[in-house]
Amino acid sequence: MDPTSFASDQSDAVVFNITDIGVSIRINKNGVSYLYSATCLSGCSGVNFDTASRTLILDEVVLAPTIGGESNSQATDNLTLDGTIIWTEADENPLTPPYDSGTGEAPDRTSGVTLADITGVWDSGVGDDEVYTVLKADGTYISYDYMGDAVDMGANCYDVETDSITDLGSGQFRLGEDRFGTFYFSGDSLAFEAPEGTYFLESTTLLETDFSPLCN
């Protein structure tokens with residue numbers, strides 16, 4: 001990233017700058033800037049930046065505030081980042097308009113996939129994060145997130161989240177109440193294209209009964 005772009009990006013935006021020796025983040029909100037950074041000469045622990053899969057995984061990464069300076073940063077306390085960011089090829093085009101999460105609109109892509117085509121167990125994990133998705137013919141969507149993997153580093157159990165999946169036709173689906181996207185097959189993978197990005201699910205021989213024990 002061009003350092004000048006990092007210093008003067010658009011308003012109401014979050015800008016990451018990731019290098020071999022550190023991570024910086026700038027948050028612009030309502031005309032105020034908040035800058036944070038972490039220097040790690042031997043590599044940043046908890047940061048997995050994969051340009052091939054267009055994925056940034058942040059596992060409890062703590063950044064220190066940068067106070068004052070040319071941007072008059074208003075950051076005053078540490079910032080902890082924990083989560084996954086996935087982007088598409090189109091997002092790398094600076095002319096692409098930003099995604100508005102409030103639109104609630106389904107993407108333009110269509111396909112011939114129906115709910116019957118995608119029912120079953122899918123591997124939806126990213127990197128070391130072990131997650132499985134079960135899609136059922138009755139319209140149930142279940143996520144099994146293994147807490148004992150290298151990302152969550154928790155107990156030897158599966159955290160379960162259940163929601164609904166609704167077939168809207170032409171390959172388009174609604175997950176839950178307000179998340180829309182299109183399922184289509186890409187080689188051996190099942191892809192889900194949502195407004196914020198495309199997610200890939202891989203086939204697996206595991207059964208839903210294999211996800212045991214469940215977390216309390």
Side-chain angles (χ1 to χ4, degrees), residues 1 14-27 36-65 77-89 91-92 99 101 118 120-135 140-163 165 175-176 179 181 183 186-216:
M1 165 174 282
V14 178
V15 183
F16 286 92
N17 186 23
I18 301 175
T19 69
D20 292 337
I21 60 172
V23 177
S24 298
I25 181 174
R26 175 191 177 99
I27 301 174
Y36 304 85
S37 63
T39 301
C40 28
L41 299 180
S42 59
C44 292
S45 176
V47 179
N48 185 346
F49 184 44
D50 187 350
T51 57
S53 63
R54 296 185 170 88
T55 303
L56 171 62
I57 301 176
L58 301 165
D59 184 16
E60 297 291 340
V61 179
V62 179
L63 285 74
D77 203 352
N78 288 347
L79 176 67
T80 300
L81 302 178
D82 184 36
T84 301
I85 298 174
I86 302 175
W87 65 95
T88 66
E89 183 176 359
D91 295 324
E92 297 174 354
Y99 163 65
S101 60
I118 60 178
V121 180
W122 297 90
D123 182 349
S124 52
V126 177
D128 294 328
D129 194 7
E130 187 176 336
V131 183
Y132 298 94
T133 297
V134 178
L135 305 176
T140 304
Y141 169 97
I142 307 176
S143 174
Y144 291 89
D145 188 354
Y146 180 55
M147 294 290 99
D149 58 31
V151 174
D152 296 296
M153 299 180 68
N156 179 31
C157 62
Y158 289 88
D159 183 61
V160 182
E161 293 186 4
T162 303
D163 215 324
I165 177 171
L175 303 181
R179 190 178 183 206
F183 279 110
S186 177
D188 294 331
S189 303
L190 175 63
F192 179 70
E193 182 180 295
E196 75 275 11
T198 301
Y199 306 84
F200 292 93
L201 295 79
E202 307 298 333
S203 60
T204 177
T205 58
L206 294 176
L207 303 176
E208 187 176 7
T209 53
D210 293 326
F211 306 135
S212 178
L214 303 181
C215 302
N216 294 327

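For reference, positions follow the sequence shown, starting with 1. In this text the structure is predicted, and so the values were computed from the model without any measurement.
- Minimum interatomic distance between D77 and Y36 (heavy atoms only, all atoms of both residues): O-CE2, 3.2 Å.
- Listed here is the closest heavy atom pair of V134 and E208: CG1-OE1, 3.9 Å.
- Inter-residue side-chain proximity for V47 and L58 is flagged as met; some heavy-atom pair is nearer than 4.5 Å.
- Minimum heavy-atom separation, D145 to V131: OD1-CG2, 3.6 Å.
- Between E130 and D149 the shortest heavy-atom distance is N-OD2, 2.8 Å.
- Taking all atoms of both residues into account, the shortest heavy-atom contact from G176 to D163 is CA-OD1, 3.1 Å.
- In this structure the side chain of N78 reaches within 4.5 angstrom of the side chain of P65, judged on heavy atoms.
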How far apart are the C-alpha atoms of L207 and V121, what are their side-chain angles, what is the distance that settles it, and do they pass the side chain to side chain contact (heavy atoms under 4.5 Å, CB included) test?
CA-CA 7 Å; L207 303 176; V121 180; 5.6 Å; no
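- Between L79 and I27 the shortest side-chain heavy-atom distance falls below 4.5 Å.
- Put simply, the residue from D159, D128, D129 that forms a side-chain contact (heavy atoms from CB on, under 4.5 Å) with D152 is D129.
- No side-chain heavy atom of F192 sits less than 4.5 Å from a side-chain heavy atom of I118.
- Distance check, rounded to the nearest 0.5 Å: OG1 of T162 to OH of Y144 gives 6.5 Å.
- The distance from the OH atom of Y132 to the CG atom of L206 is 5.0 Å, given to the nearest 0.5 Å.
- At a cut-off of 3.5 Å, with distance as the only test, a side-chain donor of Y146 or N156 sits close to an acceptor on the other residue.
- To the nearest 0.5 angstrom, E202 atom CD is 11.5 Å from T133 atom OG1.
- A pairwise comparison of heavy atoms in S189 and F200 identifies CB-CD2, 4.3 Å as the closest pair.
- Considering OG1 of T205 and CG of D123, their distance stands at 10.0 Å, rounded to 0.5 Å.
- Between F211 and Y158, the two ring planes are tilted [angle within 30° to 60°].
- Between D82 and V61 there is no side-chain heavy-atom pair separated by less than 4.5 Å.
- Note: D210 CG to T204 OG1 = 8.0 Å, rounded to the nearest 0.5 Å.
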